[in-house]
Structure formats: structure tokens, C-alpha cells
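Reckoned from all heavy atoms, side chains included, excluding hydrogens, waters and symmetry mates. So that the names make sense, note that chain A is the first sequence line, chain B the second, and so on, each numbered from 1.
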Amino acid sequence: MSAINLYDTATREVGKFTPIKAGEVSIYVCGATVQASPHIGHIRSAVNFDTLSRWLTKSGYDVTLIRNVTDIDDKILHKAAHEKVSWWALAMKYEREFTAAFEALNVAPPTYEPRATGHITQMIELMQILIDNGSAYAPGNGDVYLEVRKLKRYLTLSGQRIDGLLPAVDGDEVISKKRDPRDFALWKSAKPGEPSWPTPWGDGRPGWHLECSAMAHAYLGESFDIHGGGLDLIFPHHENEIAQSEAAGYGFAKRWMHNAWVTQSGEKMSKSLGNSLLVDVILQRVRGIELRWYLSSAHYRSMLEYSQSALDESAIAFRRIESFLKRATEITGSQPQAIIGKSFAAAMNDDLAVPAGLATIAENLRLGNQGITDADSAVITKNANEIRGALEILGCDPFDTHFATGSSTDLTQAMDGVVKLALAERASARERKDFAASDAIRDGLLALGITIEDTAQGPRWSMIEKS
RNA sequence: GGUCGGGUGGCCGAGAGGCGAGGCAAGGGACUGCAAAUCCCUCUACACGGGUUCAAAUCCCGUCCCGACCUCCA
């Protein structure tokens, strides 16, 4: 396997990736806090790490990917109370929406997808270690805090200093039992009407950060290769995960990878700005495979500035590639094999440089189309194979059964027959130079969403793809 | 106030000291009855001001602008 170079947020450098165990890669990605419907920014993160996982797998590694679901937090509880539904019903509703969005975008399921509420035992064990070794304290009201000033190091990922932080505004912790305002809650005491679990320090529920440390440890052990998530998780979430885990004596993550956001007018998507683009809504405009292509097209560390025209253009560009692959299949009589081209591999090995990979796909497309013009099946096959190989890594392989359309074979065959009847009529009209008649047939088919292309091998038809 | 990113051609989007990534759009050409699709050719760039260097979009200093985080966040 060739060397893979990846960026590490901790060092802010691209460096050679060397796993802890030869041939194996362990990854923990912060998944959804299921408090609202997924927008395309959430899904971009999942797409990026899915592509990372696919590339590592293709490179010969045995990948274990853990992507959690945080199904309890302040927002879920507040929202559930406001909507007068159970917090667990609300969490499950949105978890299903995330799952459906992942499915639609061909994000492979992680090796395991642990839920926070299923790991209370592990959280209590972790807190016990932290309290026993003096890193954490329980003021007696059911809260448990991590004492950040006792840490050997803190805020190394974000490069901040404790004293540089703005004083915390303790929302629902007005009467704070904290020794220092920067201490953060591992565990929050039970409030009336809220769920709670018993602990040696009183009834309560998890704070926001504890679950990831507990679950990463449960499934990946004390040290693992890569920890991923969105850029906005660096502080406080990831800093606090590091703080808890290292204070417990764990080595924790060897490398940190963060994906950038999808922005609009330069601003990140957020519900408060009202600029969230829900996956559901976008999928009414383009197919899942096209949305994935769009979300993959920028480098994962670059902001992706959303615009409808950019999305539309991206979808059109993808259809061109798809169309070549279909024609190549028709001409050669068999589907392309997914083969990784040299330059695509080099691009991916350079911190997943997808944009550079796209350039190689563009080159393959040009050469492949030339091959069709020249009727050179060796050239067609080579380029189609390499395109399919690249698309497979990007999760955008049109031959992937995941994207198979629901239309039955019988119906497709009948359709093919009907269109061919029309094309025969058109052919005879063209022979007698009745172009008005032949164009009327073409226009009529187009109105039904069927495009006609006259190729050297005769006319071919295709449906205009819809989501 | 602290910390972290960014400003590249009409648009999108890479690159991080030396040969102008790539795509879209635009213009020209080939093919076609006309189209469509495809191919070929052409064009436009590094926020600003200094500096280092044989050589700077890339490094350094300064300025301006934009965004993010500072206990809700992908």
C-alpha cells in the first residue's frame, strides 16, 4: 500500500499516516446530535469521512469506523418539552431522518453506531476514574465537573489559553458549583421532568462531551488512529474529549481531522440564521448521487459556498460523466471495472485532494469520449474503468446497486420498444427529408423527458434523470 | 479581547517559491439536414503596500476586507 498523507488539526500539517496497528485503521467520527432535521452541512461531514474510509479500505487497510449518535442533550430536552413529546421519541425521529439522508447519499453505515444513552455505564466508569484520580469533582448536587486547571495540558487542539477564553455565561447553571468558570460538566444533575440515571454522585444525565470519550474508549480502546468531526467541534467538544480522556490516562486520538462547512453568503449554515438547507429539500432538486458529487467536489477542509446554480451545474457535470459511462457500457457490452488510476491515487494520497482527483476524471472523460469517436474500445475501457474507480471512492458510482432506480426491467424493455418505434418513424421521415416530421418526433419525445442523440452507431435515447 | 481560517480569472475551484490544475460560461472551428452529444482551438488570475530571493499567487512585515470559535453547533 502506498503512503497516505493526511492533515492533522493538532499539528496543522499534512503528514504521513501511520496506523497504530499495521494494516488497521480505527476512526471515531462525531455523528449527529439528533435534535433537528439534517441539513447538507451535516451530511457533508458524513460524506467526507465516508470517502476517507473508502479510500483507506481501497488502500488495503481494515477500517473500523465508529460514528456515534448523541441522543440526549440540552437541546433535545428543551425541544421535546416545547413540542410536548417524549425526548426519546424526538431523538428517534431525527435519528431516522439522518439515517435516511445517509442512505440517500450512499454513506456506508459505520462499523458500529453507538448511542449515548446506551453507554451510561461506560460514562459512569469514566467519571469514577476521573474522580478517583482527582481530575474531576462532584460538588454534591448531582453535577460532576472536570477541573480544567489541574490538567497537564488543555486547549492544545484549538491553540487557546484558558485565560484567553471569555468568561462562561452559565445558562442553566446560574447557581454554579464550579470551582472555576472554565470547568465543564461531565454530568448534569437531575431536573424535574427530565430523564436521569443514578450515579454514585446523585441522579443526573450526561453532559455533552462525556459520551464521545466513553464510546470511543468502549469500541476503539485507549488509543486510536483518527478522530473526525466538523470544524465547529474543535472547541469545546474535542478539547473536552481530549481533556477527559487524557485525564483518565488514555492516549486517545493520534490524529484529528475536521471538515469545513457548507456556507451561504460566506456564513455557515445554522438554524438561527435561517439558512439551513435541508437534505430533503435539496433532494427534490437533484438526485442523491448528484448531491453527493456536489458535496464531494470541494476539498474537505475548504468551505463549500452553496448556491443553487453551483449545485445545478455540478449535477449537469455529473450527468455528463454518467452518460459517458453508460455509452461506454453500451459500446463495449460490459460494465466498466472500478480501477484506480495513478494520478487519482496520488491525489487521494495527498490529504484526499478530491479537486485534483476531479481533474483526472475530467481527463479520463475527454480521452474516453475521444475513444468513442475513434471507436477505440481499448481507450474507452481504460478510461471508463478509471472513472468508475474514482467514482466508487467518492461514493458516486452510478452502477452501485445503491443507486439503482426502481423501474422494473419489463417496463424499461417496453419503453425501449416504444421509443424505438418512434425512432424508426423519425428515421424514415429523415430519409424522405421530411425534417419537419422528424423534428416533431424528437421534440415530442423531449417533451416527455426523453432526449435523442444521433451517434455514429445510430440514434440513442435516454431519460432525463430525475431524483 | 483571545484563537483559528480565508480573499485566485465572468463564475466555481485547486496549488503553497520556478514550467499558467481542472471545470463551467464565453468566442471560434469540426461533426450534423438542423439540433443534441462529443472533440479541437482561444481568452481572462492571484485583496493592497513594502520586503527577502536569480525567481513570490506561494516566504516575511504591514494594511484592508470577510468568516468562524470562545461552553448550542457538522
Side-chain angles (χ1 to χ4, degrees), chain A residues 9 12 29-33 35-36 38-49 73-76 78 155 157-171 173 181-185 207-209 228-237 239-240 258-263 265-272 297-299 301-305 307 309-310 312-314 316-317 320 323-324 327 343 347 350 353-363 365-374 430 433-436 438-439 442-443 446 451-456 459-460 462:
Chain A
T9 309
R12 305 193 190 274
V29 177
C30 286
T33 299
Q35 60 192 4
H39 64 232
I40 60 175
H42 295 125
I43 241 63
R44 181 186 187 194
S45 179
V47 163
N48 287 154
F49 288 105
D73 88 320
D74 292 358
K75 267 201 172 172
I76 293 170
H78 290 158
L155 307 179
L157 194 60
S158 58
Q160 299 176 97
R161 279 169 292 130
I162 292 181
D163 297 310
L165 299 180
L166 288 177
V169 183
D170 286 335
E173 298 165 284
R182 274 82 178 189
D183 291 348
F184 63 90
W208 175 34
H209 316 292
L231 213 48
D232 41 4
L233 296 181
I234 294 175
F235 183 86
H237 188 56
E239 292 287 13
N240 289 351
H258 292 93
N259 65 278
W261 304 306
V262 180
T263 57
S265 310
E267 291 179 318
K268 94 188 248 208
M269 245 168 239
S270 87
K271 280 181 45 182
S272 51
S297 63
H299 187 94
R301 284 192 283 120
S302 297
M303 301 292 170
L304 177 62
E305 171 69 18
S307 76
S309 60
D312 290 346
E313 280 173 21
S314 168
I316 289 166
R320 236 190 312 265
S323 159
F324 164 68
R327 287 192 65 190
S343 50
D350 180 16
V354 174
L358 261 36
T360 76
I361 293 173
E363 176 76 357
L365 182 64
R366 192 174 60 79
L367 295 173
N369 275 319
Q370 241 166 15
I372 289 177
T373 306
D374 303 342
R430 290 178 74 193
K433 306 235 185 281
D434 184 357
F435 298 121
S438 73
D439 289 353
R442 188 173 63 199
D443 294 345
L446 186 64
T451 52
I452 302 303
E453 290 164 35
D454 292 318
T455 72
R460 65 186 290 272
S462 55

Legend entry - Atom P, compared across B:rU38 and B:rA21: separation rounded to whole Å: 24 Å

Inset, instruction - Check whether the aromatic ring of A:Trp261 stacks on the base of B:rA68, taking stacking as ring centres less than 5.5 Å apart and planes within 30° of each other. - result: no

Inset, instruction - Apply salt bridge (charged side-chain N to carboxylate O under 4.0 Å, His left out) to A:Asp434 and list each qualifying residue two or more places apart in sequence or on a separate chain. - result: A:Arg432

Inset, instruction - Taking Watson-Crick and G-U wobble pairs with both distances under 3.5 Å, convert RNA chain B into its dot-bracket string, 5' to 3', dots for unpaired and | for cross-strand pairs. - result: (((((((..(((.....[...))).(((((.......)))))....(((((..]....))))))))))))....

Inset, instruction - Side chain of A:Arg161 only, please: which of B:rG33, B:rA74, B:rU3 is the nearest? - result: B:rU3

Inset, instruction - Establish whether the base of B:rG2 is bridged to the side chain of A:Gln160 by a donor-acceptor pair shorter than 3.5 Å. - result: yes

Inset, instruction - Under 4.0 Å between any heavy atoms, over every strand shown, what does A:Asn240 touch: base, sugar-phosphate, or nothing? Just pick one. - result: base

Inset, instruction - Looking at every strand, decide which applies to A:Ala260 at a 4.0 Å heavy-atom threshold: base, sugar-phosphate, or nothing. - result: base

Inset, instruction - Please work out if A:Glu239 contacts a base, only the sugar-phosphate, or nothing of the nucleic acid, heavy-atom cut-off 4.0 Å. - result: nothing

Inset, instruction - Select base, sugar-phosphate, or nothing to describe what A:Lys433 touches, counting heavy atoms under 4.0 Å on all strands. - result: nothing

Inset, instruction - Would you mind classifying the nucleic acid contact of A:Gly159 as base, sugar-phosphate or nothing, using non-hydrogen atoms under 4.0 angstrom? - result: sugar-phosphate

Inset, instruction - List in chain and number order the residues that pass salt bridge (charged side-chain N to carboxylate O under 4.0 Å, His left out) with A:Asp443, two or more places apart in sequence or in another chain; answer none if no residue qualifies. - result: none

Legend entry - Residue whose closest nucleotide on RNA chain B lies nearer the 5' end, A:Gly31 versus A:Leu358: A:Leu358

Give me the distances for all protein-to-nucleotides 28-31 of chain B N/O pairs that come in under 3.5 Å?
none

Inset, instruction - Could you work out the separation of B:rG1 and B:rG10 based on their C1' atoms and round it to a whole Å? - result: 41 Å

Legend entry - Partner residues of A:Arg366 under the salt bridge (charged side-chain N to carboxylate O under 4.0 Å, His left out) criterion, sequence neighbours left out: A:Glu363

Legend entry - Residues forming a salt bridge (charged side-chain N to carboxylate O under 4.0 Å, His left out) with A:Arg460, sequence neighbours excluded: A:Glu330, A:Glu453

Inset, instruction - Give, for atom CG of A:Leu157 and atom CD of A:Glu239, the distance between the pair rounded to the nearest 0.5 Å. - result: 5.0 Å

Inset, instruction - Determine yes or no for a side-chain-to-main-chain donor-acceptor pair under 3.5 angstrom, with A:Thr451 supplying the side chain and A:Ser462 the backbone. - result: yes

Between the protein and nucleotides 34-36 of chain B, which nitrogen or oxygen pairs come in under 3.5 angstrom?
| residue | atom | partner | partner atom | Å |
| --- | --- | --- | --- | --- |
| B:rC34 | O2 | A:Arg442 | NH2 | 3.0 |
| B:rC34 | N3 | A:Arg442 | NH1 | 3.0 |
| B:rC34 | N3 | A:Arg442 | NH2 | 3.4 |
| B:rC34 | N4 | A:Arg442 | NH1 | 3.4 |
| B:rA35 | N6 | A:Asp454 | OD2 | 3.0 |
| B:rA35 | N1 | A:Asp454 | OD2 | 3.3 |
| B:rA35 | N3 | A:Arg442 | NH1 | 2.8 |
| B:rA36 | N1 | A:Asp454 | O | 3.2 |

Inset, instruction - For B:rG15 versus B:rA45, give the span between their C1' atoms, rounded off to a whole number of Å. - result: 13 Å

Inset, instruction - Name the closest nucleotide to the A:Lys268 side chain, picking from B:rG33, B:rC72, B:rC69. - result: B:rC69

Legend entry - Position toward the 5' end of RNA chain B (nearest nucleotide), A:Leu304 or A:Phe435: A:Leu304

Legend entry - Integer angstrom distance from the P of B:rG27 to that of B:rU32: 23 Å

Using the 3.5 Å cut-off, write out each protein N or O paired with an N or O of nucleotides 14-20 of chain B and the distance between them.
| residue | atom | partner | partner atom | Å |
| --- | --- | --- | --- | --- |
| B:rA14 | OP1 | A:His299 | N | 2.9 |
| B:rA14 | OP1 | A:Ser302 | OG | 3.1 |

Legend entry - Inter-nucleotide P distance (B:rA56, B:rC46), Å rounded: 14 Å

Polar atom pairs (N or O), protein with nucleotides 38-40 of chain B, under 3.5 Å:
| residue | atom | partner | partner atom | Å |
| --- | --- | --- | --- | --- |
| B:rU38 | O3' | A:Asn369 | ND2 | 3.1 |
| B:rC39 | OP1 | A:Asn369 | ND2 | 3.4 |
| B:rC39 | O3' | A:Gln370 | NE2 | 3.1 |
| B:rC40 | OP1 | A:Arg366 | NH1 | 2.3 |
| B:rC40 | OP1 | A:Gln370 | NE2 | 3.4 |

Inset, instruction - Determine the interatomic distance between C1' on B:rG7 and the same-named atom on B:rC19; round to the nearest Å. - result: 26 Å

Inset, instruction - Under the side chain to side chain donor-acceptor pair (under 3.5 Å) rule, collect the residues that match up with A:Thr373, sequence neighbours excluded. - result: none

Legend entry - Which residues share a ring pair (Phe, Tyr, Trp, His ring centres under 6.0 Å) with A:His299, sequence neighbours left out: none

Legend entry - Rounded C1' spacing from B:rG67 to B:rA47 in Å: 15 Å

Inset, instruction - Could you verify whether a donor N or O on one side chain and an acceptor N or O on the other, from A:Gln160 and A:Ser158, lie under 3.5 Å apart? - result: yes

Legend entry - Same-atom distance (P) from B:rC61 to B:rC72, integer angstrom: 35 Å

Inset, instruction - Assign A:Thr33 to base, sugar-phosphate, or nothing according to its heavy-atom contacts below 4.0 angstrom with the strands shown. - result: sugar-phosphate

Inset, instruction - Output all residues satisfying side chain to side chain donor-acceptor pair (under 3.5 Å) with A:Ser45, sequence neighbours left out; order by chain, then residue number. - result: A:Asn259

